[in-house]
Amino acid sequence: MMKRYINTLVLFSLFVLTVSCSDDFLDRPPQSQIIPEDYLYEESQLAAYTINLYGILPSHGNWSFGTFGIDSDTDNMADLSYDNKYVPGQWRVPQTDGSWSFTNIYNINYFLNTVLPRWKNGEITGSENMIEQYIGEAYFFRAFEYFNKVQALGDFPIVKKNYADDKEVLIDVSKRTPRSEVVRFIISDLDSAAAMMQNTSPDGNKNRLSKYSALLVKSRVALYEASWLKNFKGTAFVPNGSGWPGAAKNYNQGWNYEAGSIDAEIDWLLDQAMEASKEVADAFSLTPNNGVLQQTVTDSQNPYFDMFSDTDMSGYDEVLLWRDYDQGLGVVHNVPVEAMRGNATVGLTKGLVDSFVMENGLPIYASGSGYVGDDYIADVRSNRDGRLWLFLKQPEQINVLYNVNAGTHVTPVEPIPEIINRIYATGYAIRKGLNYDGAQANNGQGYTGSIVFRATEAYLNYIEASYLKTGSINGTASSYWIAIRERAGVDTDFNKTIAATSMALEAAGDWGAYTAGQLVEPTLYNIRRERRNELFAEGLRWMDLKRWRAIDQLMTQNYHIEGFKLWGPMQNWYDSGELTYETGTATVSSPNRSTYLRPYEKTGGELVYDGYSWAMAHYLDPIAIQHFLITAEGADLSTSPIYQNPGWTLKANDGAQPID
């Protein structure tokens, strides 16, 4: 068993492209080959090695809704299957696998451990600027991978080099480092990345990382950890909090995790987030939104809409990094097909749709808002925040304007939501990712780009970090907020929205209205709302919900995922007999439960039939038992230097336990 663990730690698998360093981000399938001893002595070899690390980043996969579907299983989006994390007792400790993995870390460490000494000794040939660029990329990817570990597991071992097959050494390096020390390590790596990478993507196409990508992620990491420490302070989820499992292992390394020190750390992290996000936000402008939804070939194109589905995203200033696809090389995906019809069964929730304010800046429930209701999807879109109006689809709208007959899976006109045949999960489908070219709709052969990072997040990160730091909206934050709302086509007076906000009403559909089971105050909520409305369907919602500690309330009050208002006039869209809700033959949820479609409440046999619930342990993943077995003395798992996360046991197949 130990030998297997050693092999897992020491052995690494690499994909090396035998192509020039000018190749775009994953624009061709990689070829596996053994690394020769004389490898990584040339600039082109450094480029080939690091390009294969880009697979760590989120991008469109082939048979899915790509990055637009990542937010599924949150309060923003839902697919046809509920997630067991909302059924306490059903998410269980695994025997093997899980998030505890070092493969990517070891691949990156191999590069850094090999290249850095050679670089310092002048042994690598090529452009000095490009050599530094690729070293910077490696630092970036190590930071990004470690941030994934912090989000999933919290405390995690900091491993900076690859070790020989020595049992005692490998067990020792398995010790978990307190999460904030890991975050300091991540920020240090991102600082190194920003210092070494170029200001603009070296390929000239934004398919490779730049300094500003590192700064954006730095602001994301610092804001995440500041929020986590603030919202979980004193609990088992923060080092030296009550019940923190690391205390039993005497792992109080480095910084002193007492209350005062945590407050100082939060301030430092917020400073880091503000500085990094401001540098990005001030360097990049927002893509214009001309308020046009193109429905004919003579309509003006809308750059804001096009940005999410263009085949070449290099011309959009706010796009910092995107993945290029190439049909000729077989690097393709199915997002355009899914965007035309059903979004790969991922739909928006009623909660998300309701959160968008009106064009005049008022919440839908506010007096004078002008909201006309949700009897029809067209009503939902009427006079709303331009982001909802633009990206929420409604029946009979045009999906294809060019090459209508060129694709095998073209849906020229948006149909009524196909909820009976399980293509539309909630009745609400989005237009993000839609390309009007029918040639993109050959099944699995789409080649639109995939945004990895865009600068708008930096605007939002600064607004939130500065408010958490000072308790007020400073001039810089105000200017960023106005710019975002102006681009969205919403009244730019955010104070108007704040004044009209009812937290009790917002809480009905937005988990972000809560922290630790308590409603937050309206200004902070509206900062969170802005982030939700700007970044929806871009894969950041789960990260935000966790750092805000925004799910505790589900432990005492179940939450029902709902979609469009089926049991109103829209029921007439369907033939008689299609909408059945009798036990055993149900195709939709009963109107006796809600006038809104509830995708997980049809038969009565669903484990979430009575709504989503939660367990505190679910804020972090359980660590698989195999990792304790291979580092313990004999069969006594408590002798392992690894400790289990709060609320999880050392027994495979156990569900989460209560946390005192």
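Quantities reported herein were computed from a predicted structural model and do not represent experimental measurements.
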| said: Evaluate Y224 against F147 for ring pair (Phe, Tyr, Trp, His ring centres under 6.0 Å), listing each step before the verdict. | reply: CA-CA 10 Å; Y224 185 94; F147 185 45; 5.4 Å; yes
| Counting N and O atoms only, with roles assigned by atom type, does the side chain of S640 sit under 3.5 Å from a partner on the main chain of L637, one being a donor and the other an acceptor? |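 Such a contact is absent between S640 side chain and L637 backbone.
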| message | Could you check whether any side-chain N or O of N207 sits under 3.5 Å from a backbone N or O of W322, counting only pairs where one atom can act as donor and the other as acceptor? | response |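 Flag set: sc N207 to bb W322 pair under 3.5 Å.
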| query | If every non-hydrogen atom of Y39 is compared with every non-hydrogen atom of A48, which pair is closest and at what distance? | reply |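 It is OH-CB, 3.7 Å.
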So that I can tick it off, tell me whether [Y] and [X] are bridged by a salt bridge, with the cut-off set at under 4.0 angstrom between side-chain N and carboxylate O.
| X | Y | value |
| --- | --- | --- |
| D189 | R142 | yes |
| R176 | E181 | no |
| R454 | E538 | yes |
| D544 | R528 | no |
| R184 | E265 | yes |
| R541 | D510 | yes |

| message | Before you tell me yes or no, could you show the steps for R92 and D654 under salt bridge (Lys or Arg N to Asp or Glu O under 4.0 Å), namely the whole-Å CA-CA distance, both residues' side-chain angles and the distance that decides it to 0.1 Å? | response | CA-CA 5 Å; R92 299 174 182 176; D654 268 4; over 6 Å; no
| task | Kindly confirm or rule out a cation-pi arrangement of R532 over W511, judged by NZ or CZ under 6.0 Å from the six-membered ring centre and within 45° of its axis? | result | no
| task | Please determine if R549 forms a cation-pi arrangement with W228, meaning its NZ or CZ atom is less than 6.0 Å from the six-membered ring centre and no more than 45° off the ring axis. | result |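 So R549 doesn't make the cation-pi contact.
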| query | What do the steps show when you test K211 against E279 for salt bridge (Lys or Arg N to Asp or Glu O under 4.0 Å), and what is the final call? | reply | CA-CA 10 Å; K211 164 188 173 181; E279 191 167 351; 3.1 Å; yes
Evaluate the ring planes of [X] and [Y], with Trp represented by its six-membered ring, and classify them as parallel (under 30°), tilted (30 to 60°) or perpendicular (over 60°).
| X | Y | answer |
| --- | --- | --- |
| Y86 | Y612 | parallel |
| Y619 | F237 | perpendicular |
| F102 | W100 | perpendicular |

| message | Let's go through E42 and R118 carefully: what are the C-alpha distance in whole Å and the side-chain angles of both, what is the deciding distance for salt bridge (Lys or Arg N to Asp or Glu O under 4.0 Å) to 0.1 Å, and is it a yes or a no? | response | CA-CA 10 Å; E42 299 176 5; R118 293 175 182 174; over 6 Å; no
For [X] and [Y], does a side-chain donor sit closer than 3.5 Å to a side-chain acceptor?
| X | Y | answer |
| --- | --- | --- |
| T649 | Q644 | no |
| T96 | Q626 | no |
| W268 | E225 | no |
| N461 | S277 | no |
| W244 | D155 | yes |
| N113 | Y106 | no |

| Ring centre gap for H60 and F65 strictly below 6.0 Å | no
| query | Around atom NZ of K230, are there more than 12 heavy atoms of other residues, nucleotides or ligands at under 6.0 Å? | reply |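 No, because the 6.0 Å sphere around NZ of K230 holds 12 heavy atoms or fewer from other groups.
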| query | So F141 and Y54, ring pair (Phe, Tyr, Trp, His ring centres under 6.0 Å) or not? Walk me through it. | reply | CA-CA 8 Å; F141 285 118; Y54 279 72; 4.8 Å; yes
| task | Go through the steps to decide whether D636 and S638 satisfy the test side-chain hydrogen bond (donor to acceptor under 3.5 Å, both in side chains), and finish with yes or no. | result | CA-CA 5 Å; D636 185 357; S638 67; 2.6 Å; yes
| said: Applying side chain to side chain contact (heavy atoms under 4.5 Å, CB included) to Y459 and F284, what does each step give before you reach the verdict? | reply: CA-CA 10 Å; Y459 287 60; F284 297 93; 5.6 Å; no
| Does the side chain to side chain contact (heavy atoms under 4.5 Å, CB included) test come out yes or no for L223 and L269, once each step is laid out? | CA-CA 7 Å; L223 180 58; L269 288 164; over 6 Å; no
